[in-house]
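Below you'll find the structure, written out as C-alpha cells, and then a few comments.
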Amino acid sequence: SLTKRLPRRLGFDMSEVEETLNRIKTHRGVVGIVIVNGDGAPIRTTLHKNQTEQYAELVSQLAAKARSVVRDLDPMNDLTFLRIRSKKHEIMVAPDREYILIVIQDPNADQGT
C-alpha cells in the first residue's frame, strides 16, 4: 500500500498523482515505486521502509551524479531519464526539479521467470 502522501504545497493534483501511480503499478513486472523530494527523502512509496530508504538514498545520489555528468558535458543540457538494468531489476528514474520518480521493475516478468 502507498504509505506516504505528496505534500499539497508542491501544487500536484492529487487525483492525477494517484491515477498515474495506479497506472504504473499495473504494468507487468513493477516491483515498487518510490517518490523522493529534492533532498532525497521518500515522500511516497509502495516498498517496505528499509527498501524505500535504500532506494531513495542511493538512487538520489546516482541521479544527482548523472545530472552533473550531463551538465558537465553540455551546460545547456539536463538529465531527463535514467535507466539502470541489472540481472534482477530494472530501475527507471525520472528526475524533476522538485522530486524524483523511481520505478523498480522485474525485467524478466514477461518471460514467466
Side-chain angles (χ1 to χ4, degrees):
S1 69
L2 298 170
T3 58
K4 304 237 176 176
R5 301 275 176 220
L6 278 172
R8 292 195 187 279
R9 65 179 167 70
L10 292 181
F12 291 105
D13 177 347
M14 292 308 289
S15 62
E16 216 174 289
V17 171
E18 286 295 329
E19 192 178 304
T20 301
L21 291 177
N22 287 331
R23 190 175 67 245
I24 292 170
K25 283 194 310 187
T26 63
H27 285 290
R28 186 189 328 252
V30 170
V31 175
I33 302 168
V34 180
I35 299 175
V36 299
N37 66 15
D39 298 324
I43 55 176
R44 194 71 188 259
T45 185
T46 63
L47 299 174
H48 294 292
K49 186 180 189 303
N50 60 341
Q51 284 182 305
T52 296
E53 290 170 356
Q54 198 171 30
Y55 275 103
E57 181 182 352
L58 297 174
V59 174
S60 293
Q61 291 172 10
L62 183 60
K65 185 64 178 174
R67 173 173 271 158
S68 177
V69 168
V70 168
R71 287 185 175 161
D72 285 351
L73 292 171
D74 180 355
M76 300 302 291
N77 205 354
D78 198 5
L79 181 70
T80 57
F81 195 79
L82 178 63
R83 178 176 288 195
I84 304 128
R85 186 162 180 155
S86 67
K87 290 179 184 177
K88 292 183 179 179
H89 294 110
E90 185 170 39
I91 305 168
M92 290 161 287
V93 184
D96 195 61
R97 276 177 294 162
E98 305 207 25
Y99 69 94
I100 300 172
L101 172 65
I102 304 165
V103 178
I104 301 97
Q105 199 169 348
D106 177 356
N108 302 310
D110 296 355
Q111 299 164 10
T113 57

Exercise. Okay, side chain of Ser60, backbone of Ala56: is any donor-acceptor separation there less than 3.5 Å?
Worked result: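 Side chain of Ser60 to backbone of Ala56, a donor-acceptor pair under 3.5 Å: yes, one is there.
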Exercise. Do the side chain of Asn37 and the main chain of Asp39 share a donor and acceptor less than 3.5 angstrom apart?
Worked result: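 It does hold such a pair.
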When you group the ILVMFWY residues by side-chain heavy-atom contacts below 4.5 Å and let the links chain together, are [Y] and [X] in the same group?
X     : Y      : value
Ile35 : Phe81  : yes
Leu62 : Ile100 : yes
Ile84 : Val36  : yes

Minimum heavy-atom separation for [X] to [Y], with atom names?
X      : Y      : value
Pro107 : Lys87  : CG-O, 4.5 Å
Leu79  : Val70  : N-CG1, 4.0 Å
Met92  : Gln105 : CE-OE1, 2.6 Å
Arg23  : His27  : O-CD2, 3.4 Å

With heavy-atom distances below 4.5 Å as the criterion, would you say the side chains of [X] and [Y] are in contact?
X      : Y     : answer
Val34  : Val59 : no
Ser86  : His89 : yes
Val69  : Leu73 : yes
Leu101 : Asp96 : no

Exercise. Near Gln61 CD, under 6.0 Å, is it more than 12 heavy atoms from other residues, nucleotides or ligands?
Worked result: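 More than 12 heavy atoms, drawn from other residues, nucleotides or ligands, come within 6.0 Å of this atom.
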Problem set entry | Tyr55 and Thr45: CA distance, side-chain angles, deciding distance, side-chain contact (heavy atoms from CB on, under 4.5 Å) verdict | CA-CA 10 Å; Tyr55 275 103; Thr45 185; over 6 Å; no
Exercise. Of the options Leu82, Ile102, Val103, which is the one that meets Ile91 in a side chain to side chain contact (heavy atoms under 4.5 Å, CB included)?
Worked result: Ile102
Exercise. So how far is it from Arg67 CZ to Asn77 CG, rounded to the nearest 0.5 Å?
Worked result: 11.0 Å
Seminar exercise, completed: Distance col, row Arg44:CZ vs Thr52:OG1, nearest 0.5 angstrom, shows 12.0 Å
Exercise. Given the rule in the side-chain contact (heavy atoms from CB on, under 4.5 Å) test, do Leu47 and Ile104 qualify, once you have shown the distances and angles that lead to the verdict?
Worked result: CA-CA 10 Å; Leu47 299 174; Ile104 301 97; 3.9 Å; yes
